[in-house]
Protein chains: 2
Amino acid sequence: MLTIPFKNKDTFLYVEIYEFVKQEITAGNLKYGEKLPSKRSLASHLAVSVNTVDAAYGQLVAEGYLEAIPKRGYFVCQIDTYLLKQKDRTPPPIIKTEKAAAISIDFSPNAIDQRIFPYEAFRKIFKSTFNEYDSSLLNKPDIQGEMELRKALVDLLYRSRGVRCTEEQIIIGSGTDHLLQILGLLWGRNKSVVLENPVYLKAYNIFEKMGNPVISVDIDEKGIQIEPMQAYSNVAVYVTPSHQFPLGMSMPIDRRIRLLNFANQEAGNYIIEDDYDSEFRYNEKPLPSLQSIDNNGKVIYIGTFSKSIAPSFRISYMVLPEALLRAYRETADAISSPVSSLEQKMIGAFIASGIFEKHVNKMRKIYKAKRIVLMNALKQWGRRVKITGENAGHHLLVQLDNGLTEEAMYRRALALGIRVYPVSPYFFHGLPDNYKSMVLLGYGSLTDEQIYTGIGILKEAWDL
Amino acid sequence: MLTIPFKNKDTFLYVEIYEFVKQEITAGNLKYGEKLPSKRSLASHLAVSVNTVDAAYGQLVAEGYLEAIPKRGYFVCQIDTYLLKQKDRTPPPIIKTEKAAAISIDFSPNAIDQRIFPYEAFRKIFKSTFNEYDSSLLNKPDIQGEMELRKALVDLLYRSRGVRCTEEQIIIGSGTDHLLQILGLLWGRNKSVVLENPVYLKAYNIFEKMGNPVISVDIDEKGIQIEPMQAYSNVAVYVTPSHQFPLGMSMPIDRRIRLLNFANQEAGNYIIEDDYDSEFRYNEKPLPSLQSIDNNGKVIYIGTFSKSIAPSFRISYMVLPEALLRAYRETADAISSPVSSLEQKMIGAFIASGIFEKHVNKMRKIYKAKRIVLMNALKQWGRRVKITGENAGHHLLVQLDNGLTEEAMYRRALALGIRVYPVSPYFFHGLPDNYKSMVLLGYGSLTDEQIYTGIGILKEAWDL
């Protein structure tokens with residue numbers, strides 16, 4: 001008969017019986033086919049209730065250690081106990097992820113000014129959005145996105161970007177990356193993708209990982225060149241016409257029209273317009289989107305809230321031409337939406353309330369002021385620097401004429417605690433001569449003091 | 001000289017000048033190369049300030065309609081105006097998405113009981129989480145997930161599932177689908193995937209779309225069979241051992257060990273353990289996870305909050321064996337996290353506070369009670385029904401002996417406003433004979449009354 005040492009006052013008796021029998025089987029003391037004492041007899045032997053033994057046996061049967069044979073009793077199952085030997089319960093050692101060098105001033109092109117985030121407005125919106133009376137709040141989100149947000153976007157995009165669409169054409173995604181993945185799945189691997197050279201790296205990574213043939217086309221001062229594309233057909237052209245990333249020029253109307261004409265040459269051709277930071281244009285009003293002058297359903301429009309709200313909210317949007325909606329729905333059915341209903345509804349309310357546009361206007365003023373501070377600070381470098389891409393976004397580019405390599409610029413700055421961002425990683429076939437000695441300087445998150453100090457230190461670092 | 005009819009009091013003067021000149025160019029009234037009046041002369045002619053004209057010309061230059069030639073003035077650029085003809089500004093007609101039939105009682109296996117959601121606790125957690133002093137709240141989320149949540153999961157998973165891991169091994173995803181996509185990208189297309197037959201459909205959709213060879217292996221009463229796998233190598237085996245989806249059996253210890261032994265045969269073999277609803281087990285405590293008895297880093301453990309919190313929060317988690325961490329990091333760098341920082345931190349706090357486990361225990365009691373109601377209601381069907389998979393999760397399966405086809409069961413129920421869920425869609429090669437006349441009945445979202453009514457109506461519908 002089993003004798004069980006009840007050690008632990010805190011655990012249930014049945015758990016102790018269960019653990020004990022399991023351990024006996026694992027250790028091989030109870031062998032395959034062996035019959036266990038009846039519930040009743042074990043109960044009286046251990047002076048516990050039959051229910052307690054019943055619970056323990058039940059668990060052992062559920063896990064497959066015991067088999068219950070009606071009218072005959074409980075028997076040990078055949079188990080390869082080899083794997084069940086006692087083992088170290090302590091977790092494996094933590095793998096260290098490499099730490100970045102101590103950076104005092106980071107000219108990141110992706111950072112935003114967190115000091116101006118509308119915390120109060122967001123608290124109010126959470127209060128009004130998160131309530132017991134909206135049951136859809138707990139449902140799996142609509143595959144295309146919550147209707148509140150899609151409706152709000154239809155108006156916002158028409159007002160701010162001239163984009164004409166219906167809610168049915170809008171897909172809410174968890175970032176540009178996710179939306180590009182959807183396009184990849186939707187098209188399959190026989191659609192080639194033309195990318196700007198230099199390009200937004202993740203666009204390249206995604207299409208390359210999805211197995212789409214990737215074609216790089218150099219940009220000139222007007223943006224991506226059209227002639228080189230003529231050699232290809234059934235292509236999607238990924239562009240950033242409002243503010244080319246990383247070089248920062250905007251595509252003039254004649255180039256936009258030629259790009260649309262290229263798309264119109266063939267049914268399989270499309271343009272992916274990534275309008276990632278069009279809200280931030282400082283000298284003029286935002287340039288009209290490609291989608292707004294497209295009469296033939298050739299433009300897939302993509303935007304994000306990473307710059308206009310915060311990168312922590314993983315919400316982006318895509319406007320699909322109607323011709324792609326069917327293919328989209330067939331693809332989308334296969335995969336759930338990754339975007340939280342609550343945050344979709346919150347952002348939707350944020351836009352519908354008008355607070356979003358007020359917030360964007362406020363930020364535009366603030367970033368414009370930062371930009372002026374940066375431009376003034378750069379004057380101390382004298383004529384030895386060429387500045388480009390300064391009319392929009394959260395970053396500009398500086399190019400030196402003193403022959404310093406990009407890598408030297410990066411390393412020397414880093415040595416003094418300043419992070420600048422090389423452009424060569426964005427180029428497909430190495431850095432062209434006319435982009436030598438060039439780096440990105442982002443100013444979104446920096447104070448005026450940091451900008452001045454940083455530019456001053458860089459002057460030293462780069463012998464300007 | 002241009003004469004501009006200022007019509008709209010509300011818009012800025014410069015916008016009207018800009019729009020007018022743009023329209024003149026588009027219409028071809030101002031031709032390529034034509035010189036525009038100087039800013040000064042146009043300003044005096046229109047009786048507006050020079051700055052107003054300057055703003056208008058600036059915008060036209062930025063958009064590429066005009067070229068500014070120093071010392072000479074502003075000239076019309078060469079533009080293919082063909083595309084810019086006036087066009088319909090009204091949005092395209094809305095495409096109707098087909099509406100589902102009116103359903104009074106839906107036995108969905110995926111729905112949860114929204115009445116017991118801890119709204120108050122969540123409001124408190126939002127208040128404490130969403131604050132000005134946590135700047136990381138606005139940053140792009142850590143690619144692997146926010147540390148608060150990963151730490152909370154390390155403890156929770158060890159306590160509740162015996163899973164042993166460090167924060168470094170945990171990846172936060174936006175649903176099981178997303179985590180399976182990561183595995184697909186991480187492995188590439190030469191890793192074959194073994195799926196249970198029948199299977200969770202989205203697992204199939206994802207691997208199939210990602211281009212991984214998919215192998216289906218039938219399950220028996222203990223779960224997936226091992227012998228058929230022996231023919232394959234370098235495979236990932238996707239299983240739902242706690243509660244097979246859709247059939248609902250749990251995998252006994254001997255089958256688990258044989259599965260682990262299969263994985264151990266080869267370096268390239270892995271097991272993906274989808275533990276999607278292990279929190280809800282009614283007759284015994286949850287079965288230990290495969291990961292907890294794996295000594296060789298062969299099990300990739302996946303869980304979700306869709307059932308334990310709500311499907312609207314798109315948060316899931318994956319525990320990777322250390323051998324896969326490097327490959328994961330190389331893949332992950334290419335693609336941003338789709339999961340909102342705020343909700344990660346909120347769920348992390350929810351767990352750390354202990355409220356999560358209290359909530360799960362409360363839900364388990366409630367679903368257990370629902371299940372008893374359903375089992376009792378089913379008694380009115382008499383002996384003509386076989387019930388399986390009833391020990392866990394939010395659904396069970398009923399099988400009739402009266403020869404009704406699955407489709408007939410579905411249609412007759414639907415005709416009376418009841419939705420039941422066929423099993424055949426989950427099978428690879430058509431419905432095997434032993435699963436004929438079988439449907440899923442989920443009870444997560446239904447009241448006792450709805451369950452009784454629904455089962456009563458189904459009795460009629462199916463001539464029981």
Evaluate side chain to side chain contact (heavy atoms under 4.5 Å, CB included) for F126(B) paired with L342(A), printing each intermediate quantity in order. CA-CA 12 Å; F126(B) 174 82; L342(A) 174 59; over 6 Å; no

Heavy-atom contact with chain A under 4.5 Å, split by part of [X]:
{"X": "Q78(B)", "answer": "backbone"}
{"X": "T331(B)", "answer": "both"}
{"X": "R189(B)", "answer": "side chain"}
{"X": "I206(B)", "answer": "side chain"}
{"X": "Y14(B)", "answer": "side chain"}
{"X": "A55(B)", "answer": "neither"}
{"X": "V339(B)", "answer": "backbone"}

Flag the one option from [options] with the top tally of heavy-atom pairs under 4.5 Å to chain B.
{"options": "P288(A), G297(A), G211(A)", "answer": "P288(A)"}
{"options": "F313(A), Y204(A), Y18(A)", "answer": "Y18(A)"}
{"options": "N205(A), D177(A), L138(A), I315(A)", "answer": "L138(A)"}

Distance, nearest 0.5 Å, that separates [atom1] of [X] from [atom2] of [Y]:
{"X": "R115(B)", "Y": "E132(A)", "atom1": "CZ", "atom2": "CD", "result": "14.0 Å"}
{"X": "N110(A)", "Y": "S336(B)", "atom1": "CG", "atom2": "OG", "result": "9.0 Å"}
{"X": "R314(B)", "Y": "S340(A)", "atom1": "CZ", "atom2": "OG", "result": "9.5 Å"}
{"X": "T26(A)", "Y": "I253(B)", "atom1": "OG1", "atom2": "CD1", "result": "7.5 Å"}

So, using side-chain hydrogen bond (donor to acceptor under 3.5 Å, both in side chains) as the criterion, who are the partners of K222(A) when residues are at least two apart?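 If we apply the side-chain hydrogen bond (donor to acceptor under 3.5 Å, both in side chains) test to K222(A), skipping adjacent residues, the hits are D254(A).
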
Proximal component of K22(A), with respect to chain B [non-hydrogen, under 4.5 Å]: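 Just its side chain gets close to chain B.
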
Pick from [options] with the largest number of heavy-atom pairs that fall under 4.5 Å of chain A:
{"options": "V61(B), I309(B), N131(B)", "value": "N131(B)"}
{"options": "A111(B), S337(B), P338(B)", "value": "P338(B)"}
{"options": "S306(B), S250(B), G175(B), P141(B)", "value": "P141(B)"}
{"options": "P311(B), G64(B), S174(B)", "value": "P311(B)"}
{"options": "E343(B), H178(B), Q344(B)", "value": "E343(B)"}

Between E63(B) and R255(A), is the salt bridge (Lys or Arg N to Asp or Glu O under 4.0 Å) condition met? List the steps. CA-CA 10 Å; E63(B) 294 187 19; R255(A) 182 66 57 94; over 6 Å; no

Is any side-chain N of the basic residue among E330(B) and K209(A) closer than 4.0 Å to the acidic one's carboxylate O?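 No, E330(B) and K209(A) are not salt-bridged.
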
Are K140(B) and S312(A) close enough that a side-chain donor and a side-chain acceptor fall under 3.5 Å?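 Absent: no donor and acceptor within the cut-off.
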
Does Q114(A) form a side chain to side chain contact (heavy atoms under 4.5 Å, CB included) with L137(B)? I'd like the steps, not just the answer. CA-CA 9 Å; Q114(A) 306 193 327; L137(B) 205 60; over 6 Å; no

What class does the angle between the rings of F117(A) and F130(B) fall in, given that below 30° is parallel, 30 to 60° is tilted and above 60° is perpendicular?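 Because their plane-to-plane angle is over 60°, the rings of F117(A) and F130(B) count as perpendicular.
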
A quick test of your reading: do over 12 heavy atoms of other residues, nucleotides or ligands sit less than 6.0 Å from OH of Y32(B)?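 Check fails, neighbour count at 12 or below.
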
